[in-house]
Amino acid sequence: MKTKIKFMAAAALLISLVLLCQSAGKVLREEIQEGRAVSSETVSAVVLLDPGHGGMDAGKTGVNGAEEKEINLKIALYIKELLEKEKIDVVMTRTEDQRLAETQVEDLKERVRIMNKANPVLAVSIHQNSYHEGGVHGAQVFYYGDSAEGKEAGEIMQRLLNENIPDNRKEAKANRSYYILKKTEVPVIIVECGFLSNYEEAQKLADEKYQQTMADVIKEGILSYIQQTG
């Protein structure tokens, strides 16, 4: 009798487990269909952000006194925050006002080392431009001339900058001499966000809201590149 009771209890438990699994499976299927289910094993893309200059290396100084190194870092940190909301893993070459080595050459070598070690789907180096003629303005993207991936990323980024930044008509430009571009083993682009030698643009680049706008456009460029190459 006891054996029969144990058998019946075990059978009831098994039936309950089967019904529970069926119910859970139904819920999971519904969530997948509605796009709510996310696998814990999903691997996010890795993007590297490189705020140029830092520490004793201020980079360009604007006609308004703004320092390139500070603008670079602020924009890069905004981009980082936006990308992380999109579940993108972000590696930074720096997160504070510092140079990565004692000399400028060694600093560049360290940035390249970090980029190659991180092996990102894309590395984006943030900079500000300058020119001897104050009327020149606009955000422009540079990529390594021998990199098909860099060219694609650069053209995507430039298109979005031109579409979203008023009066921006620059073209993405190939380059084979910039150290960051020619020494990296991963796709990399340099985004010159504007000209600190142009008073109007320098004022914008020093403004927090404009920095956030620039960061949002660059974020969209990065996501577009990932989507097209993924």
Side-chain angles (χ1 to χ4, degrees), residues 48-83 92-100 103-105 107-108 111 122-144 150 153-181 188-222 224:
L48 184 138
L49 299 176
D50 172 44
H53 307 285
M56 64 184 297
D57 176 15
K60 307 290 192 306
T61 299
V63 292
N64 59 346
E67 292 186 331
E68 179 186 359
K69 65 174 184 177
E70 295 182 1
I71 298 173
N72 295 344
L73 182 58
K74 287 179 180 178
I75 292 175
L77 289 173
Y78 286 137
I79 299 169
K80 178 178 184 291
E81 181 179 354
L82 293 170
L83 286 175
M92 302 279 291
T93 56
R94 69 180 180 100
T95 56
E96 56 188 34
D97 183 16
Q98 64 176 131
R99 191 159 77 168
L100 304 186
T103 67
Q104 189 171 11
V105 171
D107 173 85
L108 291 173
R111 291 172 194 270
L122 181 65
V124 181
S125 189
I126 305 298
H127 285 264
Q128 312 304 315
N129 220 331
S130 184
Y131 196 63
H132 64 273
E133 294 181 7
V136 178
H137 68 282
Q140 188 167 26
V141 183
F142 293 84
Y143 60 90
Y144 187 51
E155 290 179 346
I156 289 172
M157 187 67 71
Q158 189 68 63
R159 175 177 56 80
L160 288 172
L161 287 167
N162 290 351
E163 290 175 354
N164 292 278
I165 303 300
D167 198 30
N168 210 94
R169 302 186 183 91
K170 296 291 187 182
E171 294 183 0
K173 190 173 181 179
N175 180 282
R176 289 182 172 83
S177 62
Y178 291 161
Y179 190 90
I180 289 290
L181 296 179
V188 56
I189 58 174
I190 296 175
V191 181
E192 298 276 3
C193 300
F195 283 78
L196 290 174
S197 50
N198 179 285
Y199 186 78
E200 182 179 351
E201 197 156 65
Q203 291 293 91
K204 290 180 180 179
L205 290 166
D207 180 74
E208 182 178 339
K209 289 185 178 180
Y210 189 79
Q211 292 169 357
Q212 292 173 339
T213 297
M214 184 64 65
D216 189 56
V217 176
I218 295 172
K219 178 263 297 184
E220 288 299 324
I222 293 170
S224 294

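Note that the numbering runs from 1 along the sequence shown for the chain. It should be emphasised that the depicted structure is a prediction, and the values quoted were computed from it without experimental measurement. What you see below is based on every heavy atom in this structure, not just the backbone, and it leaves out hydrogens, waters and symmetry mates.
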**Request:** Any chance you could lay out the side-chain contact (heavy atoms from CB on, under 4.5 Å) test for L181 and R176, step after step, and finish with the verdict?
**Result:** CA-CA 7 Å; L181 296 179; R176 289 182 172 83; over 6 Å; no
**Request:** Could you go through the side chain to side chain donor-acceptor pair (under 3.5 Å) check for Q212 and D216 one step at a time?
**Result:** CA-CA 6 Å; Q212 292 173 339; D216 189 56; over 6 Å; no
**Request:** Dump the intermediate steps for side-chain contact (heavy atoms from CB on, under 4.5 Å) on D50 and V188, then the final yes or no.
**Result:** CA-CA 10 Å; D50 172 44; V188 56; over 6 Å; no
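Legend: residues meeting salt bridge (charged side-chain N to carboxylate O under 4.0 Å, His left out) with E163, ordered by chain and number and at least two apart, are R159. Remark: D207 engages no residue in a salt bridge (charged side-chain N to carboxylate O under 4.0 Å, His left out) (not counting sequence neighbours).
Smallest separation of non-hydrogen atoms from H53 and H127: NE2-ND1, 3.5 Å. Taking both residues in full, the closest heavy atoms of A153 and L122 are given as CB-CD1, 3.7 Å, listed atom of the first, atom of the second, then distance.
Each of N198, D167, N129 was scored for a side-chain hydrogen bond (donor to acceptor under 3.5 Å, both in side chains) with H137, with one residue passing: D167.
Counting only distance, with no hydrogens or angles, the side chain of D97 and the backbone of G54 share no donor-acceptor pair below 3.5 Å. No donor-acceptor distance shorter than 3.5 angstrom exists from the side chain of D107 to the backbone of R99, with no hydrogens or angles considered.
Counting non-hydrogen atoms of neighbouring residues, nucleotides and ligands closer than 6.0 angstrom, the OH atom of Y199 reaches no more than 12 such neighbours.
You'll find the side chain of I222 reaches within 4.5 Å of the side chain of I79, heavy atoms only.
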